[in-house]
Every structure is written in structure tokens, then in C-alpha cells.
There are 2 protein chains.
Amino acid sequence: MRTRRHRTHPGEALETIDNDELLSIRAAELYYDENKTQDEVGAILKLTRWKVGRLLASAKEKGFIRIEIVHPRARKLTLERTLRERFAIRDAIVVPAAGTNGADDLRARAAQAAADYLASLRPVPRTLGVSWGRTLHDVAEHLSDGWATGVNVVQINGGVSVNQRAGTAAATAFEIARKASGQATLLPSPAILERLETKRSIEADRTVGGVLSMAAEASAYLYSAGVAGHDSALVESGYLTPNDVDELVRRGAVGDVVGRYIDAAGMIVDPSLDERTVGLSLDTLRRASTSIAVIAGAGKIAVARAVVTSGLCTVLVTDEATALALLDSDA
Amino acid sequence: MRTRRHRTHPGEALETIDNDELLSIRAAELYYDENKTQDEVGAILKLTRWKVGRLLASAKEKGFIRIEIVHPRARKLTLERTLRERFAIRDAIVVPAAGTNGADDLRARAAQAAADYLASLRPVPRTLGVSWGRTLHDVAEHLSDGWATGVNVVQINGGVSVNQRAGTAAATAFEIARKASGQATLLPSPAILERLETKRSIEADRTVGGVLSMAAEASAYLYSAGVAGHDSALVESGYLTPNDVDELVRRGAVGDVVGRYIDAAGMIVDPSLDERTVGLSLDTLRRASTSIAVIAGAGKIAVARAVVTSGLCTVLVTDEATALALLDSDA
DNA sequence: GCCCTTTCTGCTCATATGAGCAGACGAGCG
DNA sequence: CGCTCGTCTGCTCATATGAGCAGAAAGGGC
């Protein structure tokens, strides 16, 4: 490591600085770019083939040789491994950012990857709890027909939109269920209620209560997270005003998970608001044996960090840039 | 190619679109990112190892697997080959652009590569004709002591600066010669003279004439090219005014080679100016068996194209971006 | 200058990979 | 329905590559 070889034959023409490194680059060029055999490289550089092999190995080790798989469906296994280790999550799926045309494309890739992951889940979940939103909708679309058989899908948070086309949340759940030849169970409740009493009584309702307990016992969960901003689905659906969100942000909110706003530590930001939010509690989510969070896109780094550091998911599906940001900024 | 396999077992869950492609990506991930053996990959993906091998081969062929050598001293052999073929030059040296911090860095890389190339030239030139300028100065600096022995260096164009520190052109030649334990022969003449008569008589001078004929018989040449702009060395040295250059540009000049302005076709732009320019003629340069042009940097694409298309060099040293530009825009 | 320790070199041998081939399979056609 | 053709599969065999080892060389302390 600290050995910088001194030249014994000062007559020779060569650079004082590490000669082997340069040789290893030349060898790599011939080997990889010109696909010569190590033997041929040796002949050209006047080295034995073993030396060439070692040079190549050292070039790889020092990171001079980068092998990249360029394909929209490729994944970043190295990042995935690092994420798994760093955040102690069961699995991580990272899609490449290279060559994406805008945020939509990136979301589509992540959705595709999430769909693939879901389809490959073993054991196949009997009941799958899902949230809703743009990301979940994308995932539903990317699932292939027959991705599983007999999976029942249950909504885990309220979502009958109050002033938008009501179908979107329901359609997501239905589509996921249909493609797995299963049943969809909707949670027939607003996401957030104005008064605590209303929330209590709606929960007490047989239908709603039944769905909630089914949701609590799902064998796996699939959800996304929203950014705490004015374009949040909860704002667009009219559950919260932009001002409400501003106030939440002031109090440390980074985003929402199944309708519940959390801070960087994954704690509920506003308990009284949370009390009025219908759906799975975050604690239930944390106890789940399989909970897949699909969080991709430039704006979602903060929520993503909150989710992975506070144990809200066992599996994270994200994009390369977000993954790098997660790994980067906390030493 | 046109075969899109129809599924024989419609019960299976899979995407309609080319399944093998996706498999080859998964295989590549396991093979390259996780460095598993093809056998292991086969075990994971439930394929025979031969199938994995074929998948990998097809992924390579389709360009999904990119192997890059990341190092300042690396070269772009593939680009070099293409350049050689496209422009029918003997050799091309292309340095990578990745990771360069500004134009200086890029120039330094090209200079380094040119120095390396020069040092590896066989047979070693007995006499080397050189031009001068910032690029040549860089090359001289990057040459290592003892890059050759007994190489005599001769200036091929006038360069005793009229109003700058006079040393720069001379120093370049001296340094190249010193590092090869050889003699430097300067061309003691201005680059451009105001009157044709003066130029004729200076050429008739024994000293100057002798240097010029030595230059014409050099066994190899090393030169760079300047952009036709106000920051050209010829302007800075006071041989031309910015207005002169504007006029040359108006008449189609793209840059200068050994002090002579050429257009995109490699033709002399202003014959009367050229008549007053002291140094090797471009025709002599074109007849040379070895002439190395070092032309790198964003602004130099046009000159570089003129040089390679008009046969001014047998060897081009350039950077990746310029190389791509050269290959790109002419079909 | 001499000896000890560390690194480097060229090897043998085991393993991984690629070329090429015969049979299997499926598609299209009479 | 059966035939032929082209493609794909799994194989054998040759080659390329990596692991591990013994001797050589180099560096450092005394």
C-alpha cells in the first residue's frame, strides 16, 4: 500500500509515479475494449499472462473498471445490498436512473420493479393490504395479468375521495385484485374526518371495522409515501388545505404514509390529526412481516429516509438517485 | 429477429414482451454485479449454464452491458479504431472526457497521451519537427526525461514572438530535445512577416534556410492547431490583429496549422497572407510519413475536422468529445 | 554488508467459459 | 396429417482464467 517502488534501472524511460497502475489500464483496454485474451495482452505488453491477470484484478479492485448494465429493467444490485445492510431492511429494489426522460419515466420504472417484486413474492400473500395514490396506481398498471392467483386485496387507508372522481383509489385495489384473480375489499371511509367523534363512530361501523381488522391481518402490505407539499394527494382530494400542510411542515412533517404525516424520525407529527385519520396505524405497519414501500422520485428523499430509518417497511422499492441520497447524507 | 415467441403455456405469469431480454438482464446482474458464476446464475434463474452463457452473449451484443475503464490515463480504443477507419489515418489516440475538471484538465490529458505516443514511436525519429503553442508546451512538459535518446528537434514554423516573452516557443523545443538528450534547432524568424520581400529574404538567409530544409526533412512532425479566434496565439503574439482574424473567419477560416489559416476543406484561406508566413508548407506536412496532430478541447472540432479530412496528419491525438463530434456530424 | 521479512513472480492444477455439434422442437406448407 | 426447415437446447471438448504455492527479489534493520 505505502510502497512506491524505486526504480532500479534509472536509464529506462518511465514515469516516476506508479507504473503498474498505468499498465493495468493498458491491459484493461486491450482485454475489455479489444477483447483480447490475457495471453495476447501479455504478448503485447511484454508481460506474462499471470501478471496480466493480476493487473486486471487490481484494476477491478481499485474501481477502474466499471461494468454497467444499461436497460430500463435493470436493477442496481450493489446499491440494493448496501441499502439492505445500512437500514436493516429485508430487501431493497433500486431501479437505474440513467436514461430516464423525466419523473414519469422514473416512476414507471419503479412501479414496474415493484410489480415484478410483488409477483415474485413467496409465499404468495393471501391478503394484500394496499394504499392508494399515483404510485400505487402505476404499480397496479404494471402488474401482469395472473401475477398471482387468489390474492385478496384490502385497502389499508381511507380513500373515498370527497371531491375528485371517486374511482381512482378503488380502481387501484380492484385492478391489483383482478389481475390476481382475487377479491378486492374497499375501505368505505374518508381518509381524514373532521371530528374525532365521527371517526370513532365510522370505525365502530361493522363494515368499516371489519375491513380495518382484515387490513390489520393482511399477510403483506404495499404502499407508497407522499411528500408534505401542496400537491399531495390528500390536499388534492380536499382532506387538507395547503395551509394545513404548511403547518404540518412547520412542525417537522416530511411526508405521509398511508395518510399519516410523519417527521424525519418517523413519528406522528400531529397526534390529534392522526386520531382523525382512518386506516392502519403505523405501529401495525411496523409489526408487519412484509411491507413494501414504493418511494421514487427526486422529491421523496426525506420521506424515504424517514420510512427506512423508522422501520416502516421491510422492503423498499426506489430509484438510484434516491438510494444514493439515502446512503450518502448520513455517515 | 422478427420472431416474437408465442406462449405455449398461457397459464404462466409473464410479460408478453420479449422475455429472453429481461432474463438476460437478470442474468447479467447476477453475473456482473454479484459476480456469480454462470452455473450459479443458472441455478437461480432455473436455466442451464449454457443458456445463461447465451443470454449473456446476447446482452453484450445488444449493448446492454457497458464496460468502461475509468482512469485519467485510459484511452478510448473503440473510438480510436473508428476514427482510423473513417478518416484513413494511421493512428488515433482518444483520451476520455469523463471526470475532467475544466478545459485545462482535458488538455493535460491529451498532452500526456501525445507524450506517451511520441515516446512509443518506432522507429524513434532522428529529427522531430515541432510547432509551438500552449498545447505543444503541455506536451513537452508531460514528456518524461529520457523518452528517447538522441532525437533532434527542429521548429517547423516561425515563432520568435515580437512582443511577448520570447522564450515560450523556444523553450518548448528545447525541453523536448533536452528530455531526449538531443539538439534543438530553432527557426529564428517571426511567424508572419509584413512584407513578402522580407519573407523572401529571410528565407534566403543561410541560417533560416538551413533550418527550413532540415524541418522539411524531419522524420516526424508534432504540432497542434489553433482556433481562428481572438485568443489565438498568433493574435496574442501580435502577428495578427483581431480584425485580421475576423476577416479570415469571414473568408471561411476554421483555424491555423503551423501558423497557416485553413478552411473546412483544409485549403489555405488567404494565399497572400500564407506567402508571408514562415515555416513548413502544408503540402510538405501532407507528404510526411509521420505527422502527429494534438487537437483537443471543445472549440477545436472544426479545425480538427479540417485537419483529418484534408490529410494533414497521419496521427490524431484528441479527446473523447471531439472524437465523437468528428464521427457524428458527417454521415 | 548480512540476514530477516515482505512482496512479487512464474508456475501447476482446478475451474469457468466459449465453440461447435447432434438431436428436439415448433412452424409453416403441401 | 406428415414433411421439411429453421431455430433452440443440452451436450462434449478445447480454451481461458483464477487459486494457491514455492522460489526469487527487494527492502529494512542492525
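In what follows, every chain begins at residue 1, and chains take the letters A, B, ... in the order their sequences are listed.
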Undergrad: Looking at B/Thr37, does any N or O in its side chain come under 4.0 Å of the phosphate oxygens OP1/OP2 on C/dT17?
TA: yes
Undergrad: Give a yes or no on whether a donor-acceptor pair under 3.5 Å exists between the nucleobase atoms of D/dT17, that is its base, and the side chain of A/Trp50.
TA: no
Undergrad: Check whether any side-chain nitrogen or oxygen of B/Tyr31 sits under 4.0 Å from OP1 or OP2 of C/dA16, and answer yes or no.
TA: no
Undergrad: So which heavy atom on B/Ala113 is nearest to which on B/Val95, and how close?
TA: CB-CG1, 3.4 Å
Undergrad: Using atom types as modelled and distance alone, determine if a side-chain donor or acceptor of A/Thr318 lies under 3.5 Å from a backbone N or O of A/Ile295.
TA: yes
Undergrad: Rounded off to whole Å, could you give me the CG-to-C1' distance for the A/Leu47 and D/dT17 pair?
TA: 16 Å
Undergrad: Check the distance between C/dC11's P and A/Lys51's NZ and give it to me in whole angstrom.
TA: 14 Å
Undergrad: Where each residue is assigned the nucleotide of DNA chain D containing its nearest heavy atom, which of A/Arg54 and B/Arg49 is assigned the position nearer the 5′ end?
TA: B/Arg49
Undergrad: Would you kindly give the NZ-to-P distance between B/Lys36 and C/dT17, to the nearest whole Å?
TA: 13 Å
Undergrad: Expressed as a whole number of angstroms, how long is the span from B/Leu45:CG to D/dT9:P?
TA: 14 Å
Undergrad: Rounded off to whole Å, could you give me the CG-to-C1' distance for the A/Asp39 and D/dG18 pair?
TA: 14 Å
Undergrad: Rounded off to whole Å, could you give me the NZ-to-P distance for the A/Lys46 and C/dT9 pair?
TA: 18 Å
Undergrad: With a 4.0 Å cut-off on N to O distance, would you call B/Arg81 and A/Glu34 a salt bridge?
TA: yes
Undergrad: B/Asp20 has an atom CG; how far is it from atom C1' of D/dT7, in whole Å?
TA: 12 Å
Undergrad: For the pair B/Asp319 (side chain) and B/Gly297 (backbone), establish whether a donor and an acceptor sit closer than 3.5 Å, ignoring hydrogens and angles.
TA: yes
Undergrad: Please report the distance, rounded to the nearest Å, between CD in B/Gln38 and P in D/dA16.
TA: 16 Å
